[in-house]
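Every chain is numbered from 1, with letters handed out A, B, ... down the list of sequences. Computed from a predicted structure; not experimentally measured.
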Amino acid sequence: MAGPAARLLRWFRAAARPFPWREPFPRDPYRTLVAEVMLQQTQAARVAPFYQRFLAAFPTLEALAAAPQEEVVRHFSGLGYYRRARLLHATCRTLLRRGGWPPPGELQSLEGLGSYTAAALAAFCFGGSEPPLDGNLLRIAARLLAHEAPLRAASLRRDAAALGRALYLEAGTPEVFEALMDLGAQVCRPVSPRCPDCPLKGSCRAFQLGEPQRFPTVPATRPVTSLLWVAVWIRSRSGAVLLQRRPPGELLAGLWLPPLRPVLPPAADPCAVARELARSLGFAGSLQALPAVRHSITYRRLTVVPFALGAEAPRVAEKREDQRWECPDTPGVPTSSLLSKLAAAAGQGASGGPPATTTPGDPP
DNA sequence: AACCCGGGGGT
DNA sequence: ACCCCAGGGTT
């Protein structure tokens, strides 16, 4: 073995990033499943701490399957794409019910496992040889072959799969798949690739053309839309904050956040909307505008203006299934990082600089 | 095939 | 400000 795969593996063994899911092959399928689901559309360095905490809470497939779904989602809080957690929970229950793992070729029938995750599990745990097609391999293939197409094009997927198979055939270990991912993350990066350091530059058409950046082509980006919301931040004497479960079908569905309401039209007065929201919850009293918080959800840019309820608020809200009091620092329910941003804004408003008494401006 | 979903890191 | 991330499900 002296071809590209050998150079790639040599580079990888010297430069590999240490990640907690990188155990010897074949790997434990449960832990690998957790890692691969978390890694979907999420940068590996960000996954690592979530992965460790998650496995400490759910060390085995049986432990995860026995837990309520909300507990599983709670351990995803801040990671995004929360449907992943619900589907992971469903898959673990499916596995327990059917008494074990299906044949590697049928992994994709499990909830939340698409072609990438099924191939990764098969390769890392069950001796599979089909390459997991992730964004890294697709980009590397586009450049090696000077394949001018968007990342998701079917033609590029075919070529990338063929490239992955050829490299696996030469290497004989699923380590090449991880090597490709690290190469894509560290060398063959989307912007400013480090071609001089690349172990595959000798076989790279894009490098020979001198324009690695041109591949793959970038699809038209969806325009970003701005939204303005208000939140009411209602604190109890013990420091708990009123949270509501986001309704299904809306953004951040199923997660627990302070009462939120869109400001429509965007030119409307956020303060009036917040007053009406507080009134609908049974709270009267003065509202204090806090510093606005920004939060991005795919192509939407949210500006959330929190309003703190004054001290004359009633102590209890109406008892509802979708409503509860939680400490914002250690919530016992699934939530989003938007909660900690709002908590930070409330903290600043209370102890930091001068409180905002005027209505904040519209979002950009 | 196109669209939707969280959140943040890197440039 | 912009890109995109170890994608999958739905329409």
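- Nucleic acid contact class of A:Leu79 (heavy atoms, under 4.0 Å, all strands): base.
- Between the CZ atom of A:Phe76 and the CZ atom of A:Arg86 there is a distance of 10.5 Å, given to the nearest 0.5 Å.
- As judged by a 4.0 angstrom heavy-atom cut-off over every strand, A:Arg22 is placed among the base-contacting residues.
- A close approach under 4.0 Å does not occur between any side-chain nitrogen or oxygen of A:Thr298 and OP1 or OP2 of B:dC3.
- Using a 4.0 Å heavy-atom criterion, one finds that A:Arg152 contacts the bases of the nucleic acid, with or without backbone contacts as well.
- Within 4.0 Å (heavy atoms only), A:Pro190 reaches sugar-phosphate atoms of the nucleic acid but no base atom.
- Minimum atom distance to the side chain of A:Gln41 is reached by C:dC5, of the listed C:dT10, C:dA6, C:dC5.
- Counting any heavy atom pair closer than 4.0 Å across all strands shown, A:Phe177 reaches no nucleic acid atom.
- The closest side-chain heavy-atom distance from A:Pro262 to A:Leu227 is not below 4.5 Å.
- To the nearest angstrom, P of C:dC5 lies 12 Å from CZ of A:Arg17.
- At the heavy-atom level, A:Gly78 lies under 4.0 Å from the strands shown only through sugar-phosphate atoms.
- Among the atoms of the strands shown, only primed sugar atoms or phosphate atoms (P, OP1, OP2) are found under 4.0 Å from some heavy atom of A:Arg46.
- Residue contacts for A:Leu180: at a heavy-atom cut-off of 4.0 Å it reaches no nucleic acid atom on any strand shown.
- Inter-residue side-chain proximity for A:Tyr116 and A:Glu36 is flagged as met; some heavy-atom pair is nearer than 4.5 Å.
- At the heavy-atom level, A:Phe19 lies under 4.0 Å from base atoms of the strands shown.
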> With Watson-Crick and G-U wobble geometry limited to distances under 3.5 Å, how should the secondary structure of DNA chain B be encoded in dot-bracket form, using | for bases paired to another strand and [ ] for crossing pairs?
Replying inline: |||||.|||||

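- Straight-line distance between the P atoms of B:dT11 and C:dA6: roughly 13 Å, to the nearest whole Å.
- Across all strands shown, A:Ser336 has heavy atoms under 4.0 Å from sugar-phosphate atoms exclusively, and none from any base.
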